[in-house]
K.L.:
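Here it is: the structure, laid out below.
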Amino acid sequence: MSRGLLEEHIRRRTLLDDGVSVRAGKACGLVVRDMRVAAVRVRAADSDEVHLVPADAVVDATGRSSRLASWLREEGWPQPPVDRMRIDLGYATARFRRGHELPDVRVAHQLPAAASGTGAQPDTGAMAAVEGDQWMAVIAAYAGMRPTRDPADFRRRMKEMDAGPFGVVADRCELIGEVETYGMAHSLRRRWWEVERLPGGLFVVGDAVASFNPVYGQGMTSALLHASCLAAYLRRGADLRAPAHAYFHHVRVVVNAAWELSTLSDLAQPHVTGPYPRGYPLARKMAEWMEEASTTDAWVNERFLDVVNMRRRPADLQTPRFWWRVAMARARR
């Protein structure tokens, strides 16, 4: 399904709950009293008037542009340490009319060979059959190779991919609407779990905690897992008047798993300059072996994608059985 369909479904189901209401406006600050969050400042959508919305707890889900750290600083609270890795990514999305041109295909990926450090990596691509009898295709590239909104250029790049289904769709299918583009300068991680002094009743989820290279498709999964961490924290009878340190330490496991995977791959790009983790050359070489093996060994592929898609932890790629299968796959090649 497309992201739009998923979000519409979740929103509709959420608003069926009688305990949920929606207020249109812009959050513009916090009020902290007696060491806990007491209210959110909200500017009305149709005026400059600011209202206070009282709160027992506040969840910041405002994305990678979150202003929470600045609001806390204004209230005299510390800010979290921040990690940034420049990736200079651009991607383009297009939709095509889907017929009977690929009856046995539902998903196709174009995974480029690991970068050698000596030149630009070829395009990464993904294509899926989605609702409305459509193909949704994405092309991603870095630095000076970022895709544009030009439909002809988009079709040309699809045809140049080694994965055949892209060329079939580019040749035979009608483009629906315009090509949409998006750019992301850097990956971002705010280490809230390292802040020793936090107001009670405050939580942060999704991209407001960490946002990664979207090529790996981990952003929405991370947000879901953060919500699961919050649910577990509340089920244990947490005191909303106290700082949510246990919640943030739980979220750290999710964030760091995605961060390690995505940044390890990003560091293979010649224009990405670090910071490099300890043991990076060996880790990068092992990642290349793993990616190669996953294209010919279905067992390796399933476990590799389970980790990328955050159904398993990265430690599951470190077992003797896994690396034996990787070695056998490489030997067969």
Side-chain angles (χ1 to χ4, degrees), residues 60 62-70 73 79-93 109-126 138-149 153 157 179-195 204-223 226 251-252 254-288 290-291 307-310 314:
D60 176 14
T62 58
R64 62 184 277 116
S65 59
S66 167
R67 298 278 298 155
L68 179 59
S70 298
R73 185 186 65 232
Q79 301 178 85
V82 177
D83 298 318
R84 286 184 175 86
M85 176 176 285
R86 174 179 167 266
I87 59 173
D88 199 12
L89 170 82
Y91 68 84
T93 305
H109 284 153
Q110 169 77 13
L111 301 178
S116 64
T118 59
Q121 222 177 8
D123 291 342
T124 296
V138 178
I139 297 174
Y142 297 88
M145 299 294 291
R146 294 189 301 270
T148 69
R149 296 172 60 92
D153 181 62
R157 294 171 84 141
V179 177
E180 302 290 344
T181 57
Y182 178 79
M184 186 170 175
H186 56 262
S187 296
L188 178 71
R189 175 174 60 175
R190 298 180 175 100
R191 302 199 304 271
W192 286 102
W193 47 89
E194 294 184 12
V195 181
V204 191
V205 299
D207 282 6
V209 181
S211 55
F212 321 99
N213 186 333
V215 162
Y216 311 115
Q218 295 173 322
M220 296 177 74
T221 306
S222 294
H226 298 172
V251 163
R252 175 189 61 177
V254 176
V255 169
N256 287 349
W259 182 266
E260 291 166 9
L261 280 170
S262 64
T263 56
L264 179 63
S265 297
D266 290 339
L267 285 169
Q269 299 294 331
H271 70 280
V272 177
T273 58
Y276 292 88
R278 182 179 301 176
Y280 168 74
L282 176 60
R284 182 61 244 167
K285 181 57 66 175
M286 293 175 71
E288 292 175 10
M290 187 190 320
E291 291 164 7
V307 171
V308 171
N309 293 326
M310 305 186 77

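Here, residue 1 is the first one in the sequence, and each next residue gets the next number.
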K.L.:
I need the single residue from Met286, Lys285, Met290 that forms a side-chain contact (heavy atoms from CB on, under 4.5 Å) with Glu288. Which is it?
P.N.:
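Single side-chain contact (heavy atoms from CB on, under 4.5 Å) partner of Glu288 among Met286, Lys285, Met290: Lys285.
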K.L.:
Would you check if the side chain of Glu194 reaches a backbone N or O of Pro80 as a donor-acceptor pair within less than 3.5 Å?
P.N.:
no
K.L.:
Restricting to salt bridge (Lys or Arg N to Asp or Glu O under 4.0 Å), what partner residues turn up for Arg146, sequence neighbours left out?
P.N.:
Asp88
K.L.:
Taking the side chain as every heavy atom from C-beta outward, state whether Gln110 and Asp123 have any atom pair closer than 4.5 Å.
P.N.:
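No, every pair of side-chain atoms sits at 4.5 Å or beyond.
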K.L.:
Mind checking the CH2-CG spacing from Trp192 to Asp60? Nearest 0.5 Å is all I need.
P.N.:
7.5 Å
K.L.:
Has Arg191 got more than 12 heavy atoms of other residues, nucleotides or ligands less than 6.0 Å from its CZ?
P.N.:
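Result for CZ/Arg191: enclosed.
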K.L.:
Under 4.5 Å between any side-chain heavy atoms of His226 and Val209, yes or no?
P.N.:
yes
K.L.:
Atom CE in Met145, atom CD1 in Ile139: separation rounded to 0.5 Å?
P.N.:
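Reported to 0.5 Å precision, the distance equals 11.0 Å.
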K.L.:
For the CZ atom of Arg84 and the OG atom of Ser211, what is their distance to the nearest 0.5 Å?
P.N.:
9.5 Å
K.L.:
Residues two or more places apart in sequence or in another chain: which of them pass salt bridge (Lys or Arg N to Asp or Glu O under 4.0 Å) with Arg149?
P.N.:
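So Arg149 forms a salt bridge (Lys or Arg N to Asp or Glu O under 4.0 Å) with Glu178, Glu180.
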K.L.:
Can you tell me how far apart OG1 (Thr124) and OH (Tyr142) are? Round to the nearest 0.5 Å.
P.N.:
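Answer rounded to 0.5 Å: 6.0 Å.
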K.L.:
Sequence neighbours left out, what pairs pass side-chain hydrogen bond (donor to acceptor under 3.5 Å, both in side chains) with at least one residue falling in residues 254-263?
P.N.:
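For residues 254-263, and leaving out neighbouring residues, the side-chain hydrogen bond (donor to acceptor under 3.5 Å, both in side chains) pairs sorted by first residue read Arg189-Asn256.
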K.L.:
Which atom pair, heavy atoms only, marks the closest approach of Thr221 to Met310?
P.N.:
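Between these two residues, the closest heavy atoms are CG2-CB, 3.8 Å.
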K.L.:
Answer yes or no: is there a side-chain heavy-atom contact under 4.5 Å between Leu188 and Val82?
P.N.:
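The answer is yes; the side chains approach within 4.5 Å.
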